[in-house]
Amino acid sequence: MPELPEVETIARTLAPDVLGRDIARVEVFDPAAPQPNGATLAALVTGRRVERVGRRAKLLLLFLSSRPGGDVDYGGAVLAAHLRMTGRLIILLPGATTANTRVVFHLSDATRLAFADVRRFGTLHAFPVGVPGRGIETWPFYANLGPEPLEMTAREFRARLGGGRTRVKARLLDQSVIAGVGNIYADESLFRAGIRPDTPVDAIGPSGRDKLFTALVDVLRLAIAENGSSIRDYRDAHGDAGAFQNHFRAYGREGEACLVCGAAMRTMRVAGRTSTFCPNCQPVPDGKTR
DNA sequence: ATTTGTCCCTGCGGGC
DNA sequence: TGCCCGCAGGGACAAA
């Protein structure tokens, strides 16, 4: 579930509770969560200090300090969490527990950071910094990520959308093209741009691409400002829901009236995902759309 | 070379 | 009321 705005929100709400603390102990309840395994991950992160909290695509990143005095000072480590569909990163208050806890990081001041995940699709990866061949840049998923949509130019977006008969929504969801866009924000930006999800990218001209880029950036910024979208599982690091679901114009509105023209919203399957659109405001392209 | 389908896993809501 | 089916925000992989 968590897409770019949700992970961004988690990073922001997590930072005050973890920055400057050391990771004292890692408690693994589900051996499948840490990659490649709990012992390796724990060895990489234990004893390090959280120096920065960041996000790349849908990955939540904890940048950890070097470990002077250790056997080998690797110059730091990076912990990367991917929450997939139902993962959560939650700061546990003293005595509190949370359901479906898979890993708990015990920090130096008794702060506990829990990684919980009902469906267990989420993963945790840890990488050393400064060790050739072992850094996060060697992780194919990470290495292949496209640029951040909020850090790219319209010109770059127009080019990266590419050509061919690939459907535009599939291209938007391709993390190697643009990083961090998922089903919700793809549908929302296509609706705002007036482009059907199954439009071949070939049929979208420069002005259509600019419109789509503007819509995407707007939607992502608004969603970040609203602390993300909480459909069911998503919560920030303190367990609070986001509010952007109250601003959806397309996602989840099948059968409801289009907020622009009143037509009944419809769904279709694109790139293996349900896609909601307005048959009137997002028409089938007649050749080259401008 | 792309692109679609299947699978990972659990829970929930709708339909019967 | 209760059961069953389909579907859910993502991505890896196999196969067409």
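Residue numbers start from 1 in every chain, and the chains themselves are labelled A, B, ... in the order their sequence lines are given, proteins ahead of strands. Remember, it's a predicted structure, so these values are computed and weren't measured experimentally.
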Using a cut-off of strictly less than 4.0 Å, decide whether A:H82 has a side-chain nitrogen or oxygen near OP1 or OP2 of C:dG11. yes

Tell me which nucleotide among C:dA8, B:dT10, C:dG11 gets nearest to the side chain of A:V118. B:dT10

Is the aromatic ring of A:F121 within stacking range of B:dC9, meaning centres under 5.5 angstrom and planes under 30 degrees? no

To the nearest Å, give me how far apart OH (A:Y142) and P (C:dA12) are. 15 Å

Expressed as a whole number of Å, how far does the P atom of B:dC9 sit from that of C:dC3? 25 Å

Phosphate OP1/OP2 of C:dA8: any A:R269 side-chain N/O under 4.0 Å: yes

Side chain to side chain donor-acceptor pair (under 3.5 Å) between A:Y251 and A:S229, intermediate numbers included: CA-CA 11 Å; A:Y251 181 82; A:S229 304; over 6 Å; no

In whole angstrom, give me the gap between the P atoms of B:dT6 and C:dG6. 13 Å

Can you tell if the side chain of A:F248 reaches within under 4.5 Å of the side chain of A:I231, non-hydrogen atoms only? yes

With a 3.5 Å cut-off and just heavy-atom distances, do the side chain of A:R119 and the base of B:dC9 make a donor-acceptor pair? yes

Nearest-Å distance for atom pair OH/C1', residues A:Y251 and C:dG10: 12 Å

Distance to the ring centre below 6.0 angstrom and angle to the axis at most 45 degrees; does that hold for A:R84 and A:F121? no

Check this one for me: any side-chain N or O of A:R232 less than 4.0 Å away from OP1 or OP2 of B:dG11? no

Under a 4.0 Å heavy-atom cutoff, the residues of residues 171-182 of chain A touching DNA chain C are A:Q175, A:G182

Could I get the full list of salt bridge (charged side-chain N to carboxylate O under 4.0 Å, His left out) partners for A:D174, not counting sequence neighbours? none

Rounded to the Å, how far apart are A:N100 CG and B:dG11 P? 7 Å

Look at the rings of A:F127 and A:H125 and say which category their plane angle falls in: under 30° parallel, 30 to 60° tilted, over 60° perpendicular. parallel

Tell me every residue that passes side chain to side chain donor-acceptor pair (under 3.5 Å) with A:N37, counting only those two or more places apart in sequence or in another chain. A:T40

Consider the side chain of A:T274, meaning its heavy atoms from C-beta on, and name the nucleotide among C:dA12, B:dC8, C:dC7 that approaches it most closely. C:dC7

In whole Å, what is the span from the CE atom of A:M85 to the P atom of C:dA8? 8 Å

Under a plain distance cut-off of 3.5 Å, with no hydrogens placed, do A:T86 and A:D117 share a side-chain donor-acceptor pair? yes

Let's see if you can work this out: which of C:dA8, C:dA12, B:dC9 has an atom nearest to the side-chain heavy atoms of A:R120? B:dC9

From CG of A:D233 across to P of C:dC7 the rounded distance in Å is 18 Å

Across all chains, not counting sequence neighbours, the side chain to side chain donor-acceptor pair (under 3.5 Å) partners of A:T267 are A:E254

Gap between atoms CG and P, on A:D117 and B:dC8 respectively (whole Å): 16 Å

Anything below 3.5 Å on both distances counts as a pair; with that, list the stems of at least three consecutive Watson-Crick or G-U pairs involving DNA chain B. B:2-8 with C:10-16, B:10-16 with C:2-8

Would you mind reading off the distance between A:E6 atom CD and C:dG10 atom P, rounded to a whole angstrom? 9 Å

To the nearest Å, how far apart are A:R88 CZ and B:dC9 C1'? 16 Å

Sequence neighbours excluded, the answer for side chain to side chain donor-acceptor pair (under 3.5 Å) partners of A:T274 is A:R269

Short N-O contact, A:R49 and A:D22, less than 4.0 angstrom: yes

